[in-house]
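Take a look at the structure set out below.
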Amino acid sequence: MPRYFDGSSPSIPLARSFYERHTVRVAKELLGKVLVRRLGSTELKGMIVEAEAYRGQDDPASHAYVGRTERNEVMFGQPGHGYVYFTYGMHYCLNVTTEPIGQAGAVLIRAAQPVKGIEVMKKKRGTDRIRDLTNGPAKLTQAFAVTGALNGHDLTTVDKLFIAENDKPEAFHIASTSRIGIRAGLDRPWRFFIKGNRFVSKK
DNA sequence: CTAAAGATGTCCT
DNA sequence: GGACATCTTTAGA
């Protein structure tokens, strides 16, 4: 059995059933998984190290709290799709949709550890500092060239963007805190990250 | 290292 | 019109 250390082994997208579950559970289980971006012949990979759960009408911090709107439509749709929104006038953030159809839910991918395509990421981010490539939700979308064009994109095929199992998993501990950058719903510890990982956005 | 402030477009009331 | 699931730069310790 060959061993890979450069993230070059083939990747298979996580099945829709992975996403069609309680959002908080999906958020936790996305830690350690590998985000894969395909840009023509270029492939970028990063291990997810931080994620936040956002639910629906029961979650005051969620975009879906107010009910179905044009922007949050994808959150109510089929699980396993990308929900990409634009914020602060200049940044995109990447989420993956969860829960059965009709029930809103999404997990914000906040940070990743670069695995493959690091030189490309440096160029897209305009910095050589590896730690600054993907240690935040908008940095990550910039490094992975994720924009609104990928809103609603199906993540269960190998086209353009998906999430796969980790080829070389290592043991880790999960820590949780309140979600970042929100005003409501601070009582819910729905931000999860890999303890001690250097690519987590904040300590 | 931390803190403060500015940049900037879209959504929703 | 206000808020925003953020990042960068600058100033100072």
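First the proteins, then the strands, lettered A, B, ... as listed; each starts at 1.
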* Value in whole Å for how far the C1' atom of C:dT6 lies from CG of A:Asn135 -> 12 Å

* Structure fact -> Whole-Å distance, A:Met90 CE to B:dC11 C1', equals 16 Å

* Give a yes/no on whether any side-chain N or O of A:His63 is located under 4.0 angstrom from OP1 or OP2 of B:dC11. => no

* Asked: Atom OH in A:Tyr92, atom OG1 in A:Thr87: separation rounded to 0.5 Å?
  -> 11.5 Å

* Could you check how far OH of A:Tyr92 sits from C1' of B:dT8, rounded to whole Å? => 12 Å

* Would you mind telling me which of C:dT6, B:dT10, C:dA5 lies closest to the side-chain atoms of A:Ile182? => C:dA5

* NA contact type, A:Leu108, heavy-atom cut-off 4.0 Å: base, sugar-phosphate, or nothing? -> base

* Ion pair present between A:Arg179 and A:Glu52, side-chain N to carboxylate O less than 4.0 angstrom? -> no

* Using atom CE of A:Met75 as one end and atom C1' of C:dA5 as the other, report the distance to the nearest whole Å. => 10 Å

* **Under 3.5 Å: donor-acceptor pair, side chain of A:Asn72, backbone of A:Gly67** => yes

* Structure fact -> Taking B:dT10, C:dT6, B:dT8 as options, the one with an atom nearest any side-chain atom of A:Phe86 is B:dT10

* To do: Would you mind classifying the nucleic acid contact of A:Arg191 as base, sugar-phosphate or nothing, using non-hydrogen atoms under 4.0 angstrom?
  => nothing

* Side chain of A:Lys139: nearest nucleotide among C:dA5, B:dT8, C:dT8? -> C:dT8

* Asked: What is the pairing partner of C:dA3, taking Watson-Crick or G-U wobble pairs with both distances under 3.5 Å in any strand?
  -> B:dT10

* Asked: Taking atom types as they are modelled, is there a donor-acceptor pair under 3.5 Å from the base of C:dA5 to the side chain of A:Tyr85?
  -> yes

* For A:Arg71, answer base if it contacts any base atom (sugar-phosphate contacts may also be present), sugar-phosphate if it contacts only those atoms, and nothing otherwise; contact means non-hydrogen atoms under 4.0 Å. => sugar-phosphate

* Asked: Expressed in angstrom and rounded to an integer, what is the separation of A:Glu70 atom CD from B:dT13 atom P?
  -> 13 Å

* Check each of A:Asp59, A:Thr98, A:Thr97 against A:Thr23 using the side chain to side chain donor-acceptor pair (under 3.5 Å) test, and report the only one that passes. => A:Thr98

* Asked: How many angstroms lie between atom CD1 of A:Ile48 and atom CZ of A:Arg110, to the nearest 0.5 angstrom?
  -> 13.5 Å

* **Side chain of A:Val66 (C-beta onward), nearest among B:dT13, C:dT8, C:dA5** => B:dT13

* Asked: Out of B:dT13, C:dT6, B:dT8, which nucleotide sits closest to the side chain of A:His91?
  -> C:dT6

* To do: State whether A:Lys123 and A:Glu119 are salt-bridged, where the test is any N-O pair (Lys NZ or Arg NE/NH1/NH2 against Asp/Glu carboxylate O) under 4.0 Å.
  => no

* Return the nearest nucleotide to the side chain of A:Tyr88; candidates are C:dT8, C:dT6, C:dA5. => C:dT6

* **Interatomic distance, A:Arg129 CZ vs B:dC1 P [rounded to whole Å]** => 7 Å

* Asked: For C:dC4, does OP1 or OP2 lie under 4.0 Å from any side-chain N or O of A:Thr87?
  -> no

* To do: Starting from C1' on C:dT6, measure out to CZ on A:Arg183 and report it in whole angstrom.
  => 16 Å

* **Nucleotide C:dT6, atom P - distance to CD of A:Glu50 in whole Å** => 10 Å

* Asked: Among C:dC4, C:dC7, B:dC12, which nucleotide sits nearest the side chain of A:Pro137?
  -> C:dC7

